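Take a look at the structure set out below.
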Amino acid sequence: MKIMSINAGSSSLKFSLFDMTNEEVLASGLFERIGIEGSCYTIKYNGEKLKQEIELPDHSVAVSILLEKLVELGIIASLEEIDGVGHRVVSGGDLYKESVLINDKVIQDLIDLKDYAPLHNPAHVLGINAFKEVLPNTPMIAVFDTAFHQTMDEVSYLYPVPYSWYQDYKVRKYGAHGTSHRYIASTIEKELGRKDLRIISCHLGNGGSITAIKDGKSVDTSMGFTPLAGIMMGTRSGDIDASIIPFIMEKEGKNASEVIDDLNKKSGFLGLSQLSSDSRDIEKGVLEGNKNCILAEQKYIRTVVNYIANYYVLLGGCDVLVFTAGIGENSSSTRLKIVEKLACLGFDLDVEANQVRGELRKISSKNSKSLIYVVPTDEELMIARDTLEIINR
Ligand code: ADP
């Protein structure tokens, strides 16, 4: 079975093609600047990389070229070999608790949910429609970032604001990175051979979120109504006092969306360091003694540790603490600094084992009360697995 995993943005389309007999990636790549001058695509396959500049007026053209190239490069013999296409979808609101087969109603729901992911959901629909044109008989599945967190109870997902905001407009916590946290939970379950686990999953990338997982279900998560909430991130503030927004609007003569833009794009590592949103630059700055970088890193660690401690209590303890995504998988120093602050809860690293990048490994010491793991996340594979499972049903 060959399954395509798709992540369509407003001007981009990322894909991975899997052979699901062994979950091997046959090809992957990116179509960029769709509808913008200077568009191009990259396809990686068989250890080779093809990059080409080409006009991509819309998503349909990108999808046609992608499928043509897969055949032309001999990656597949014909389009009939693609058994299903899984689409990443940012918001399923509170309508979708798991992945679904896409039909006209699902597409309409994605359009109706656009207020909850204005940049993403309309772009996903473009991607879905583009595939529908070229592969009208191939089943397509939607895999939602929010779905995994639909198991949160109302104490976790409600905000202490007028209840009518929830009743009238569905203002609540939806969370994000659900596909990644679900992948982490299932990988750890497999690794330890049991499901009755309290897992704290730390997805620390450019965007970041932490999820409390009990018996395979999300109990609470740090992102909120949108991905702006929770821990500090590359360019996002994470949790702040909402009163700052009107205050800055008045001081800087900005409207609300401009201030939200500052909180999404000019805050976090970038805001505090005044240097970079990339944790590698921050780490370098710390080594050079740059004060702003030191402050940015300390604040980052503090917000991450606060959420872990919070979820430790919520779960009544922690069996496994997991680090994943760009920073979580690669930065041994960030992991060390986080776990050091958690010593009072009995977390302890094996400093040697912690010298690992991007591979599944236990990094806790024998003395640690909880296991600590690095697990490389794989949202594309999770999407492909869901797609295969739904097709087989
Ligand atoms: P996203 O998917 O949210 O865009 P990623 O999961 O790719 O982000 O994570 C990006 C972050 O991971 C950046 O801050 C980057 O500095 C960090 N990162 C990536 N590789 C490394 C590395 N080898 N060492 C330290 N940090 C890394």
Side-chain angles (χ1 to χ4, degrees), residues 5-16 28-30 32 42 44 88-90 117 119-120 123 143 145-146 175-184 187 201-211 221-223 226-238 264-288 290 292-294 296-301 303-304 322-339 354-361 363 374-383:
S5 186
I6 295 294
N7 184 352
S10 56
S11 65
S12 68
L13 190 134
K14 251 200 244 176
F15 79 94
S16 301
S28 65
L30 175 65
E32 290 174 88
T42 315
K44 290 190 207 162
R88 178 219 179 187
V89 175
V90 164
L119 298 178
H120 294 99
V143 180
D145 283 6
T146 48
H177 290 146
T179 309
S180 171
H181 291 298
R182 186 159 56 97
Y183 178 84
I184 296 305
T187 305
S201 170
C202 304
H203 179 113
L204 309 180
N206 187 32
S209 69
I210 301 187
T211 297
T221 192
S222 61
M223 282 180 167
T226 73
L228 178 54
I231 61 170
M232 175 178 145
M233 302 172 223
T235 60
R236 291 185 207 133
S237 62
N264 268 310
K265 297 184 186 151
K266 296 187 182 161
S267 301
F269 277 136
L270 179 62
L272 278 186
S273 72
Q274 298 175 292
L275 183 78
S276 170
S277 63
D278 192 306
S279 72
R280 285 166 290 196
D281 297 330
I282 306 297
E283 282 184 27
K284 187 161 164 274
V286 169
L287 292 175
E288 289 163 356
N290 179 315
N292 287 352
C293 289
I294 294 171
E297 185 182 76
Q298 286 177 339
K299 185 72 192 177
Y300 182 71
I301 306 279
T303 67
V304 170
V322 183
F323 291 101
T324 191
I327 300 170
E329 290 168 28
N330 292 297
S331 175
S332 53
S333 73
T334 305
R335 291 191 299 255
L336 179 66
K337 286 170 188 169
I338 291 169
V339 175
N354 184 43
Q355 299 306 316
V356 63
R357 273 178 195 280
E359 65 182 82
L360 190 145
R361 187 188 285 180
I363 58 168
V374 171
V375 179
T377 194
D378 197 338
E379 288 156 285
E380 292 76 23
L381 176 59
M382 200 72 213
I383 291 171

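Quick caveat, the model's predicted, so the values are computed rather than measured. Indexing begins at 1, ligand by ligand and atom by atom, following the structure's order.
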Non-hydrogen atoms of Ser209 and Ile231 that approach each other most closely: N-CD1, 4.0 Å

Residue among Val356, Asn330, Ile184, Val339 satisfying side-chain contact (heavy atoms from CB on, under 4.5 Å) with Phe323: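 Only one of Val356, Asn330, Ile184, Val339 forms a side-chain contact (heavy atoms from CB on, under 4.5 Å) with Phe323, namely Val339.
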
Whether Asn354 side chain and Ser332 backbone form a donor-acceptor pair below 3.5 Å: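 Flag set: sc Asn354 to bb Ser332 pair under 3.5 Å.
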
Any side-chain heavy-atom pair of Glu297 and Lys337 under 4.5 Å: yes

Donor-acceptor side-chain pairing of Ser28 and Ser16 below 3.5 angstrom: no

Parallel, tilted or perpendicular: rings of His203 and His177 (30°, 60°): parallel

Between ligand 1 and the protein, find all N/O pairs closer than 3.5 Å and give the distance for each.
residue  : atom   : partner : partner atom : Å
ligand 1 : 3 (O)  : Asn206  : N            : 3.2
ligand 1 : 3 (O)  : Gly207  : N            : 3.1
ligand 1 : 6 (O)  : Gly326  : N            : 2.9
ligand 1 : 8 (O)  : Asn206  : N            : 3.0
ligand 1 : 9 (O)  : Asn206  : N            : 3.3
ligand 1 : 12 (O) : Ile327  : N            : 3.2
ligand 1 : 14 (O) : Ser279  : N            : 3.1
ligand 1 : 14 (O) : Ser279  : OG           : 3.4
ligand 1 : 16 (O) : Asp278  : OD1          : 2.3
ligand 1 : 16 (O) : Ser279  : N            : 3.2
ligand 1 : 16 (O) : Ser279  : OG           : 3.0
ligand 1 : 16 (O) : Arg280  : N            : 3.4
ligand 1 : 16 (O) : Arg280  : NE           : 3.3
ligand 1 : 20 (N) : Asn330  : ND2          : 3.4
ligand 1 : 23 (N) : Arg357  : NH1          : 2.6
ligand 1 : 24 (N) : Arg357  : NH1          : 3.3
ligand 1 : 26 (N) : Ser279  : OG           : 3.4

